[in-house]
Q: 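Take a look at this one; I'll ask things after.
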Amino acid sequence: MDAAQAPRIGRVFALIDGNSFYCSCERAFAPALNGRPVIVLSNNDGCAVARTPEAKALGIAMGAPFFKIRDLCRKNQVAVFSSNYTLYGDMSSRMNEIYHQFAPEVEVYSIDESFLDITGLGGGSYVAYGQQLRQTVRTWTGIPTCVGIGPTKTLAKLANRTAKNHAELNGVCDFSDLATREKYLPATSVGELWGIGGASAAKLKAIGVETVGQLRALDPKRGRQLLTVVGERTIHELNGIACLALETLPVGRKGIAVTRSFGRPVTSLVEMQQAVAAYATRAAEKLRRHGLCAVQGVVFMHTNAFNGDKWSHTSKAVEFLEPTDDTQELVAAATRAAATAWREGYRYAKAGIMLTELVPLTMAQTSLLATIDRAQRDRLNQALDAINLRFGRHTLVPAAAGLKQAWSTKFERKSPCFTTRWKELPKVAA
DNA sequence: TCTGGGGTCCTAGGACCC
DNA sequence: TCTGGGGTCCTAGGACCC
């Protein structure tokens, strides 16, 4: 481990996250939904990916396919939304702005979770500080949160989970406090731990380790044998030895993927090429936003794995003579690859492009054989990005992506972009 | 006939996360 | 009829090199 990355000792971390985050974003602009069950669906309105406690109480599982719970939702007046990532992303950045007022260092871990270094803050009571943070977020954004506190990130994460599961904690749990830790931690089941999924929990159970208290007492070397270095680190972190540092700098992306299910089966190559062109367009935007170029990737397509359709999964690699972030070049390569991977006579349900080898723009080597005028392409792409930023993502699109896009992913229950589009600002009557 | 040892790189697959 | 998308990290094993 690098000295620069080595965790500093004696830190206190807080993990704050939004409760049923996507649902809470929807409720923030529809207060009538408070107290009512709400769920948010995945892309293509496929399955439930966020549920309020009222929805969980109805038995709606994480990942439940919507068509299987549609009747249940109707009977119980569940408010059902398509994903509105523009809204959730904007709410997320508002929350992180608040976190920066409460802590000098913030790691944005996911769209709804951030780690804060709160060492020495709060004037002696971390619980009070956590409550103050929650109240501020609630007042300024409308999003309810929970806060977990601990001397390692694993303990902070577990404290956060504990705060969610025990109403008497009122949303804040501090595992830097030994009494609190010993009250809640030992009996917690290992499956609740960050980094312990179903497979690892089964391996632990096989050697008689089912609770966090038991895992904590396991020899770290044994943990490594069983669960690789991840298991070893978890044991150390449970014992208060920090192995994971706060990661406040953006890390270099290793890959960029744009993959989507279709709103209805695609059975013609023309439509498949349109879809892949649209995904390549989006991938090029992502590359430019991160200052990266692609060297190679893969285009894939497959049929529905669930419904008994004839199965086909094909892919075709794409390679570039020199690293590129150019929309036209990516679209051309992707549509060519799609034609190669295409098999006639199948009902395709999904396709995508994955760029697997990336280099920073500044390190991109140019080829002597290249025939493209880079400077001209760069100006064109900059203009494209500027126009789409100002007037909305799909204002200017490559013709290859098609204009009708009858295959496009379903979002039939999407709420407005309340905070990011002038036309969709919420209206208030007084 | 006897046939070493140590290193790197790459890839596929598993597991996990939100 | 209808079942998401986008990531990361780790390990084992093979290819290859000297």
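First the proteins, then the strands, lettered A, B, ... as listed; each starts at 1.
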Q: Is A/Asn304 touching bases, backbone alone, or none of the nucleic acid, heavy atoms closer than 4.0 Å?
A: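 Sugar-phosphate, no base atom in range.
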Q: Can you measure A/Ile196 atom CD1 to B/dC16 atom C1' for me and round it to whole angstrom units?
A: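 Taking atom C1' of B/dC16 as the reference, CD1 of A/Ile196 is at 10 Å.
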Q: From CD of A/Glu232 over to P of B/dA15, roughly how many Å is that when rounded to an integer?
A: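 Atom CD in A/Glu232 sits about 20 Å away from atom P in B/dA15.
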Q: Is any side-chain N or O of A/Asn44 closer than 4.0 Å to OP1 or OP2 of C/dC2?
A: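 Indeed not, no polar side-chain atom of A/Asn44 lies that close.
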Q: Would you say a side-chain N or O of A/Asn307 is under 4.0 Å from OP1 or OP2 of C/dT3?
A: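 No, no such contact exists.
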Q: Within 45 degrees of the axis of the six-membered ring of A/Phe81 and under 6.0 Å from its centre: does A/Lys414 put its NZ or CZ there?
A: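 Not flagged: A/Lys414 not positioned over aromatic ring of A/Phe81.
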Q: Where the side chain of A/Arg70 is concerned, which of C/dG4, C/dC2, C/dC10 is the nearest nucleotide?
A: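 Shortest atom-to-atom distance from the side chain points to C/dC2.
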Q: Between A/Phe306 and A/Ala257, who's closer to the 5' end of DNA chain C by nearest nucleotide?
A: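 On the 5' side of the pair lies A/Phe306.
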Q: State the pairing partner of C/dC18; accept Watson-Crick or G-U wobble contacts with both distances under 3.5 Å, and report none otherwise.
A: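 Pairing partner, where one exists within any strand: B/dG5.
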Q: Determine: side-chain N/O of A/Ser261 to OP1/OP2 of C/dG5, distance under 4.0 Å, yes or no.
A: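 For C/dG5, OP1/OP2 do have a side-chain N/O of A/Ser261 under 4.0 Å.
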Q: What contact category does A/Gly63 fall into here, base, sugar-phosphate, or nothing, at under 4.0 angstrom with non-hydrogen atoms?
A: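 No contact.
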Q: Answer yes or no: is there an ion pair linking A/Glu232 with A/Arg222, defined by an N-O contact shorter than 4.0 Å?
A: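 Judged by the 4.0 Å cut-off on N to carboxylate O distance, A/Glu232 and A/Arg222 do not form a salt bridge.
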Q: Among C/dT3, C/dG7, C/dC2, find the nucleotide with the atom closest to the side chain of A/Cys47.
A: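 Of the candidates, C/dT3 comes closest.
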Q: Using a strict 4.0 Å threshold on nitrogen-to-oxygen distance, state whether A/Arg377 and A/Glu329 make a salt bridge.
A: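 Salt bridge flag = no for A/Glu329 with A/Arg377.
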Q: Counting just side-chain N and O atoms, does A/Lys254 come under 4.0 Å of either OP1 or OP2 of C/dG6?
A: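 Indeed not, no polar side-chain atom of A/Lys254 lies that close.
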Q: Would you say B/dC17 has OP1 or OP2 under 4.0 Å from some side-chain N or O of A/Ser110?
A: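 Indeed not, no polar side-chain atom of A/Ser110 lies that close.
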Q: Expressed in angstrom and rounded to an integer, what is the separation of A/Lys414 atom NZ from C/dG4 atom P?
A: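 Atom NZ in A/Lys414 sits about 18 Å away from atom P in C/dG4.
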Q: With a non-hydrogen cut-off below 4.0 angstrom, is A/Arg264 in contact with a base, only sugar-phosphate, or nothing?
A: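 It contacts nothing in the nucleic acid.
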Q: Does B/dC16 have OP1 or OP2 under 4.0 Å away from a side-chain N or O of A/Lys157?
A: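 Negative; the distance criterion is not met.
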Q: A/Ile111 has an atom CD1; how far is it from atom P of B/dC18, in whole Å?
A: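 Answer to the nearest Å: 14 Å.
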Q: Please report the distance, rounded to the nearest Å, between CZ in A/Arg224 and P in C/dC10.
A: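 Roughly 9 Å, once rounded to whole Å.
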Q: Please classify the nucleic acid contact of A/Leu41 as base, sugar-phosphate, or nothing, using heavy-atom distances under 4.0 Å.
A: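 The answer is nothing, as A/Leu41 stays clear of every strand by at least 4.0 Å.
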Q: May I ask you to decide whether A/Asp90 forms a salt bridge with A/Arg94, counting only side-chain N to carboxylate O separations under 4.0 Å?
A: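 A salt bridge links A/Asp90 with A/Arg94.
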Q: When you measure from the centre of the six-membered ring of A/Phe262, is the NZ or CZ of A/Lys350 closer than 6.0 Å and no more than 45° off the axis?
A: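 The answer is no, since A/Lys350 fails at least one limit relative to A/Phe262.
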Q: I'd like the P distance from B/dT3 over to C/dC18, given in whole Å.
A: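 Nearest-Å result for C/dC18 against B/dT3 at atom P: 24 Å.
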Q: Measure from the side-chain heavy atoms of A/Tyr85 and tell me the nearest of C/dG6, C/dG4, B/dC18.
A: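 Selected nucleotide (nearest to the side chain): C/dG4.
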Q: Are any of the side-chain nitrogens in A/Glu210 or A/Lys203 under 4.0 Å away from the carboxylate oxygens of its partner?
A: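 No, this pair does not count.
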Q: Is the distance from OP1 or OP2 of C/dT8 to the nearest side-chain N or O of A/Arg253 less than 4.0 Å?
A: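 Indeed not, no polar side-chain atom of A/Arg253 lies that close.
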Q: Scan A/Gly255 against the nucleic acid and name what it touches under 4.0 Å (heavy atoms): base, sugar-phosphate only, or nothing.
A: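 Sugar-phosphate contact only.
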Q: To the nearest angstrom, how far is A/Leu358 atom CG from C/dG7 atom P?
A: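 Rounded to the whole Å, the gap is 9 Å.
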Q: With a 4.0 Å limit, can you tell me whether A/Thr259 has a side-chain N or O closer than that to the phosphate oxygens OP1/OP2 of C/dG6?
A: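 Answer is yes, contact under 4.0 Å.
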Q: Salt bridge check: are A/Asp45 and A/Arg413 linked by an N-O gap of less than 4.0 Å?
A: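 No, no charged N to carboxylate O under 4.0 Å.
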Q: Is any side-chain N or O of A/Lys410 closer than 4.0 Å to OP1 or OP2 of C/dG4?
A: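 Answer no for this pair, as no side-chain N or O of A/Lys410 is under 4.0 Å from OP1 or OP2.
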Q: I need the CE-P distance between A/Met62 and C/dT3, as an integer number of Å.
A: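 Roughly 17 Å, once rounded to whole Å.
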Q: On the nucleotide C/dC10, are OP1 or OP2 found under 4.0 Å from the side-chain N or O atoms that A/Arg233 carries?
A: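 Checking A/Arg233 against C/dC10: at least one side-chain N or O falls below 4.0 Å of OP1 or OP2.
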Q: Let me know the distance between CG of A/Leu227 and P of B/dA15, rounded to the nearest Å.
A: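 Rounding to the nearest Å, CG of A/Leu227 and P of B/dA15 are 11 Å apart.
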Q: By nearest heavy atom, map A/Val258 and A/Thr228 onto DNA chain C; which one lands nearer the 5' end?
A: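 By nearest-heavy-atom nucleotide position, the 5'-most residue is A/Val258.
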Q: So what does A/Leu355 hit on the nucleic acid, given a heavy-atom distance under 4.0 Å: a base, only sugar-phosphate, or nothing?
A: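 Contact class for A/Leu355: none.
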